[in-house]
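Quick note: numbers below take in every heavy atom, side chains included, and nothing from hydrogens, waters or symmetry partners. Throughout, protein chains are lettered first and strands after them, A, B, ... in sequence-line order, and every chain is numbered starting at 1.
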Amino acid sequence: MPELPEVETIKNDLEPLIKNSVIDRVEFLWNKTLRGSSPETFNREVAGQRINNLSRRGKYLIIMLDNGKMLLVHFKMTGSFLIGKQEGEPPKHTRAIVYLKDGRGLFFIDPRKFGRFQLVNPGDSPLSELGIEPLSSGFTRQRLGELLSKRKSPIKITLLDQGLIAGIGNMYADEALFLAGIHPLRRAEDISHVEITRLHDAIRHVLLEAIKNKGASIVNYFRPSGETGSAHSHFKVAHRKGVCTACPGAVQRIVIRGRGTYFCPSCQH
DNA sequence: CCCGGAACCTGAAGGC
DNA sequence: TGCCTTCAGGTTCCGG
C-alpha cells in the first residue's frame with residue numbers, strides 16, 4: 001500500500017532514470033486508470049513532452065512536463081511502476097504504459113485497478129486539498145497540536161485525514177501511535193501536550209525510517225526496479241500478530257471506521 | 001457541513 | 001481438495 005515512504009522511494013528511484021526523457025505516448029490497458037480526460041486528449045498533451053523532474057506531495061507522485069502540466073499518479077492500494085524495455089508482453093496487471101522515445105517503457109502495474117493518472121495544471125489540482133507535509137519544517141509539534149484540537153474523531157482517523165496531514169496511511173498511523181504509546185481510539189482533542197510531542201516525533205521517525213528502508217512491501221508494492229522494500233520487517237505492530245515487541249502482552253487487531261488497526265493494549269493508552 | 005458507510009476492484013486467505 | 005465467502009484499504013461518492 002503505497003503511502004508517503006513508498007511514493008517517496010518510487011520518486012527517488014525513478015527520477016534519475018526518467019528525468020529529461022521524452023514521452024512518446026501513453027497507452028491505457030484499463031481505461032479507468034485515466035481520470036479527468038479521454039486517452040486521446042491526454043495523449044495530445046503528453047506526447048513529445050520532456051520530463052522535467054519528479055516530486056511527491058502526500059501520496060501523489062508528480063511528473064512535471066515541459067509544457068508546465070503535471071502528471072499526477074496516485075497508487076491507491078496496489079499500484080506500482082516497473083521500468084524496462086518495451087518489447088514483449090507487458091507484465092501481468094499492467095494498466096498503463098508510458099512509452100519513452102528511447103525505447104523504454106514505464107509500466108503501471110495495479111492488480112486492484114484503483115490507481116489513477118490525472119493531468120492537471122499547477123494550482124488547479126487535487127493537491128491544493130492536501131494538508132501539511134509531515135516531513136516539512138512547518139510540521140512542528142505546535143502545528144500538530146493545532147490540527148488535533150477540536151477534533152472529536154479517534155486519533156487514528158485524524159492521522160489518516162489527508163486534508164490535515166498528507167501522506168500517512170493505515171500502516172504508518174498504527175506504527176506512529178504505537179511508538180507514541182497512544183491508543184488509536186483516543187479522541188484527538190484529548191491528546192495531551194506531552195503525548196503530542198511524542199506523537200510528532202513518532203510520525204517523523206517512522207516515516208524517515210521507512211524511507212531509509214525503501215518502503216514496506218506488505219502487499220503488491222515494489223520499486224521501479226522490481227525490488228521490494230524492507231520497512232515492513234521493522235514494523236512493531238502494523239500487520240503483526242501475536243506477542244508485542246515491547247511487552248509480554250498480545251497485539252490486538254480491531255476495526256476503526258472499516259480499517260484494520262493493530263495496537264498493543266498494554267503499551268498504548 | 002459533518003459523519004458514516006458503500007462503492008470501486010481482484011487476489012489471497014479462511015471456512016466448511 | 002475445492003468451492004464459496006470474506007477481507008484488504010485510499011479515496012470518492014452518497015445518504016442521513
Query raised in the report: Separation of A/Ile256 atom CD1 from B/dC3 atom P, in whole Å?
Result: 16 Å
Report task. Provide, to the nearest angstrom, the distance between the CG atom belonging to A/Asp110 and the C1' atom belonging to C/dG10. Result -> 11 Å
Query raised in the report: Tell me, for nucleotides 11-16 of chain C in 5' to 3' order, what letter each nucleotide earns: B for a base near a protein heavy atom under 4.0 Å, S for only sugar-phosphate near one, - for neither?
Result: B-S---
Query raised in the report: Separation of A/Tyr262 atom OH from C/dC7 atom C1', in whole Å?
Result: 10 Å
Query raised in the report: Side chains of A/Glu6 and A/Tyr172: is there a donor and an acceptor less than 3.5 Å apart?
Result: yes
Requested in this report: Nearest 0.5 Å please: distance from the CD1 atom of A/Ile256 over to the CD1 atom of A/Ile155.
Outcome: 10.5 Å
Query raised in the report: So among A/Asp66, A/Val98, A/Asn43, which one has a side chain to side chain contact (heavy atoms under 4.5 Å, CB included) with A/Ile23?
Result: A/Val98
Query raised in the report: Between B/dA7 atom P and A/Met77 atom CE, what is the distance in whole Å?
Result: 16 Å
Query raised in the report: Take atom NZ in A/Lys19; do more than 12 heavy atoms of anything else shown fall under 6.0 Å from it?
Result: yes
Report task. Give A/Met1 one of three labels, base, sugar-phosphate or nothing, depending on what nucleic acid heavy atoms sit under 4.0 Å from its own. Result -> sugar-phosphate
Query raised in the report: When you compare B/dA6 with C/dT6, how far apart are their P atoms, in angstrom units rounded to a whole number?
Result: 14 Å
Requested in this report: For nucleotides C/dT1 and B/dG11, find the distance between their P atoms and express it as a whole number of Å.
Outcome: 22 Å
Query - A/Ile51: which of A/Asn20, A/Ile18, A/Leu71 passes side chain to side chain contact (heavy atoms under 4.5 Å, CB included) - result: A/Ile18
Query - Length of the OH-C1' vector between A/Tyr221 and C/dG10, whole Å - result: 17 Å
Query raised in the report: Whole Å only: how far is the CG atom of A/Asp161 from the P atom of B/dC2?
Result: 11 Å
**Report entry** Side-chain donor/acceptor of A/Asp110 to backbone N/O of A/Arg95, under 3.5 Å
**Finding:** no
**Report entry** Between B/dT10 (P) and A/Ile109 (CD1): distance, integer Å
**Finding:** 16 Å
Requested in this report: Give the intermediate values and the outcome of side-chain hydrogen bond (donor to acceptor under 3.5 Å, both in side chains) for residues A/Glu27 and A/Tyr99.
Outcome: CA-CA 8 Å; A/Glu27 179 184 7; A/Tyr99 294 103; 2.6 Å; yes
Requested in this report: Tell me which of A/Arg116 and A/Gly258 sits closer to the 5' end of DNA chain B, going by the nucleotide each one is nearest to.
Outcome: A/Gly258
Might you list the N or O atoms of the protein lying below 3.5 Å from N or O atoms in nucleotides 11-13 of chain B, with each pair's distance?
none

Query raised in the report: Quantified in whole Å, what is the P atom distance between nucleotide B/dC8 and nucleotide C/dC4?
Result: 22 Å
Query - Expected output: side-chain A/Arg204 to main-chain A/Ser136 donor-acceptor under 3.5 Å - result: yes
**Report entry** Main-chain N/O of A/Met77 paired to A/Asn220 side chain as donor or acceptor, under 3.5 Å
**Finding:** no
